[in-house]
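Everything quoted here is computed from the prediction, not taken from an experiment. Naming convention: chains lettered A, B, ... in sequence-line order (proteins, then strands); numbering from 1 in each chain. These values consider heavy atoms only, across backbone and side chains, with no hydrogens, waters or symmetry-generated copies.
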Number of protein chains: 2
Amino acid sequence: MYQAATIKQIAQALSVSVSTVSRALSDSHEISEETKKLIRAYAKKINYRSNPIARSLKNGRSNSIGILVSDIANSFFSQTINGIESIAYEKGYHVIITQSHDSYEKELSNLSHLASRSVDGILISMSSQTTNYEHVKELHERGMPIVFFDRIINEIDTFKVATDNFKASFEATKMLIKKGNKKIAFLGNAPQLSISIERLNGYKAALDESNIVFDEQMVQYCLEGGRNVEEISNALTYFSSATVDAIIIASDQVSISAMRVLSKTPDAEKLTIIGFSNSDVIDLLSPRISYIRQNAFEIGQTAAQMLIKIIESTYPIYEFETKLLDAELHWIES
Amino acid sequence: MYQAATIKQIAQALSVSVSTVSRALSDSHEISEETKKLIRAYAKKINYRSNPIARSLKNGRSNSIGILVSDIANSFFSQTINGIESIAYEKGYHVIITQSHDSYEKELSNLSHLASRSVDGILISMSSQTTNYEHVKELHERGMPIVFFDRIINEIDTFKVATDNFKASFEATKMLIKKGNKKIAFLGNAPQLSISIERLNGYKAALDESNIVFDEQMVQYCLEGGRNVEEISNALTYFSSATVDAIIIASDQVSISAMRVLSKTPDAEKLTIIGFSNSDVIDLLSPRISYIRQNAFEIGQTAAQMLIKIIESTYPIYEFETKLLDAELHWIES
DNA sequence: CTGAAAGCGCTAACAT
DNA sequence: ATGTTAGCGCTTTCAG
């Protein structure tokens, strides 16, 4: 097996103490330039690299952060992760990615896995099947730095980053109205998710502003977050039979799954669809779909910056900010 | 700050020694059932979790494996990662994912990052811009367990897993020929990649079997692996002007980018396209494209199993296997 | 069956 | 300017 060099070996080889080596390598001012040079040269020669695990044990920090998302195959999340990584890397942190696949059980086990002190903080986007937040609360109360992004929860007071979902949904709905659609339906992810609630509120507000009466029947949810195509198929069939003009789809995965269903639906062109999606091929799908693209990369960057701020803060932080970023509406004339 | 419970605390609280606690928690046979029960109960009560960093330092293993892929947003890779995770999780390993974004520099720094972070082994799919393999060789020679998947290299003797690219490409080309296409072009990723070479060979063999003379002019490569749309656009324009009947696209990312270009090309329907792709919406794109879907999840699982086998092997391994998995050809009649 | 003690590699307070 | 020592949390001989 591969045996890495240690400061002890360097110390013995040069007949100095380990502390001298340690200090020399961290460029301490209390070591003479000569010895520093000597030690650095030898360290380089035997290709010494400091053991991060030992250092972690010593100073109680692992210099790694955990990420919990529902699915990395989801374009929104893979883009967010790229944003997170760009900041983490720059600041010297490793990133450990875990996926809940929208399962509460998986979320639970991933969080406890991450929490067992191997990460300095966690970036969380909630699973769509989670309705009980005790596990996150406990983690937070025990002092684990946490930042929520995308699917945030109000129950915990910390930094949060997301798209301005209300605004994005409001504007999308207004656009649908402006284009002459009368009967507009809303198809969401699980109802307790922040993204579902905020996007529904934006939708309602837009209807309201145009004096369209909100109709409870025009709202359907996908409890399994778009994984279950049948769920979506049922909702779409229901909307069709209710002679809906347009649908706003409030989730990336649901948008894609809905497109799959619609591609096999004869009269799909009659429906105007606008969906939240960060898929890089959303504009190539048929039938055509207008879409709302979130600023995923920047959401990731912001979340990572916030988390590292908490981790590196010497004093406890009591003032937390919730940052909302604008999304882009891409209207496709059909 | 968050302070985790330690075995020391348990020991003091129950007036036993730390070693007793350690042994009790690892279910050693030399501890009485009574004390075990007592200790486990208290450990559970204060929510004790063993500190993996301390354990790593002690036994020289981190129980984590590193992954290096070009891009997690690529469906093939996100599916592969899911396969890797399923095995890793089951066997008690953490997974640290890094992306090269097909850059040689990034690959270099990620690998040294992973190595110094003391992962127990690394799963590698080479960047398309890498032509010098010294960095990987050195890592391997220093004893780091490595398994290559998808984009493998011959220069290093270890376990490897990939699609049977020759066969997949051979069959796809045969299908194109069978469907009456005469002039068949090949569009690949970077030419030194194993996936490019093997798929080109399969293409050549199929032409050969049908007595079609191989024409060097009918082969184009994308040096930037599909990131640069212009590169692809040029290749496609070139093929068009050469009145090609069909194109086989030998890379996931290139397939998607090519579709983007073709969606804006007037006579795109005249071309028959067949591309390697694991995108979950490939069948919804327009124009229609036939596709070769790799068994990504299983590739990931196999690679992870191989790596863990190396890591956990007590004796050095000298016999290495290269496993090739079949892909599925999805022919779409247009 | 249980305890004492060493040590994994590193840092830092406390000597000298 | 350099050395000594203790200790981070855990496992594992070695001693009872």
Side-chain angles (χ1 to χ4, degrees), chain A residues 1-40 42-43 46-64 92 115-120 142-143, chain B residues 1-40 42-43 46-64 92 94 115-120 143:
Chain A
M1 249 308 283
Y2 167 58
Q3 269 307 55
T6 70
I7 52 172
K8 199 172 168 186
Q9 289 169 18
I10 301 179
Q12 281 169 346
L14 301 181
S15 305
V16 292
S17 75
V18 286
S19 46
T20 302
V21 178
S22 174
R23 278 185 280 237
L25 292 173
S26 61
D27 202 20
S28 161
H29 57 273
E30 43 185 2
I31 300 290
S32 75
E33 277 307 320
E34 281 174 285
T35 28
K36 273 188 196 172
K37 220 171 266 176
L38 215 70
I39 288 171
R40 279 199 276 241
Y42 188 73
I46 65 170
N47 197 17
Y48 168 81
R49 354 222 77 220
S50 122
N51 181 332
I53 292 186
R55 200 198 283 113
S56 291
L57 182 60
K58 179 66 189 163
N59 59 27
R61 290 242 322 262
S62 66
N63 272 285
S64 66
S116 54
R117 190 90 91 53
S118 50
V119 294
D120 299 334
R142 296 211 338 222
Chain B
M1 249 309 283
Y2 168 60
Q3 269 307 52
T6 70
I7 52 170
K8 200 172 167 185
Q9 288 169 18
I10 300 179
Q12 281 169 344
L14 302 182
S15 305
V16 291
S17 74
V18 286
S19 40
T20 302
V21 177
S22 174
R23 278 186 278 236
L25 292 173
S26 62
D27 202 20
S28 161
H29 57 274
E30 45 185 0
I31 300 289
S32 74
E33 277 307 320
E34 279 176 285
T35 26
K36 274 189 196 173
K37 222 171 263 178
L38 215 69
I39 288 172
R40 279 200 276 243
Y42 188 72
I46 65 170
N47 197 18
Y48 168 80
R49 351 224 77 220
S50 119
N51 181 332
I53 294 184
R55 201 201 280 112
S56 293
L57 181 61
K58 180 64 189 166
N59 59 26
R61 290 242 322 263
S62 65
N63 273 282
S64 65
H94 260 290
S116 79
R117 161 75 201 185
S118 344
V119 293
D120 298 335

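With rounding to whole Å, B:I10 atom CD1 is found 12 Å from D:dG9 atom C1'. The distance between atom CD1 of B:I7 and atom P of C:dG3, rounded to the nearest whole Å, is 12 Å. Atom P of nucleotide C:dA13 and atom CZ of A:R23 are separated by 10 Å, given to the nearest angstrom. For the pair A:R49 CZ and C:dC10 C1', the interatomic distance rounds to 16 Å; values are reported in whole Å. Across the protein-nucleic acid pair, B:Q9 atom CD and D:dG9 atom P stand 8 Å apart, rounded to whole Å. Atom CG in B:N63 sits about 20 Å away from atom P in D:dG9, given to the nearest Å. Atom P of nucleotide D:dT2 and atom CG of A:L38 are separated by 10 Å, given to the nearest angstrom. To the nearest angstrom, P of C:dT11 lies 12 Å from CG of B:L57.
Nearer to the 5' terminus of DNA chain D, by closest-nucleotide assignment, is the contact made by B:K8 (compared with the other of B:K8 and B:V18). In terms of position along DNA chain C, the nucleotide closest to B:E30 lies nearer the 5' end than the nucleotide closest to the other residue of the pair B:E30 and A:T6.
A:S56 and A:R61 share no donor-acceptor pair across their side chains, judged by distance under 3.5 Å alone.
Shown here for A:N63 and A:D120, the closest heavy-atom pair between the two residues is N-OD2, 2.6 Å. Here the closest heavy-atom approach between residue A:A43 and residue A:I10 is recorded as CB-CD1, 3.9 Å.
Proximity note for B:N51 (side chain, C-beta onward) versus D:dC10, C:dC8, D:dT13: the nearest is D:dC10. Side-chain proximity of B:K58 to the nucleotides C:dG9, C:dC1, C:dG7 is greatest for C:dG7. Minimum atom distance to the side chain of A:I31 is reached by D:dT2, of the listed D:dG9, D:dT2, D:dG3.
Using a 4.0 Å heavy-atom criterion, one finds that B:N59 contacts no nucleic acid atom at all. At a threshold of 4.0 angstrom between heavy atoms, the contacts of A:S19 include nucleobase atoms, whether or not backbone atoms are also involved. Within the 4.0 angstrom heavy-atom criterion, only backbone atoms of the sugar-phosphate kind lie near B:S50; the bases stay farther away. B:S22 comes within 4.0 angstrom of a base, heavy atoms only.
No donor-acceptor pair closer than 3.5 Å links the side chain of B:T20 to the backbone N or O of B:V16.
For B:S17 against C:dA4, no side-chain N or O and base N or O form a donor-acceptor pair under 3.5 Å. You won't find any donor-acceptor pair under 3.5 Å spanning the side chain of B:T35 and the base of C:dT2, going by distance alone.
Not one side-chain nitrogen or oxygen of B:R55 sits closer than 4.0 Å to the OP1 or OP2 atom of D:dG9.
Using a 4.0 Å cut-off between charged nitrogen and carboxylate oxygen, A:E33 and A:K36 count as a salt-bridge pair.
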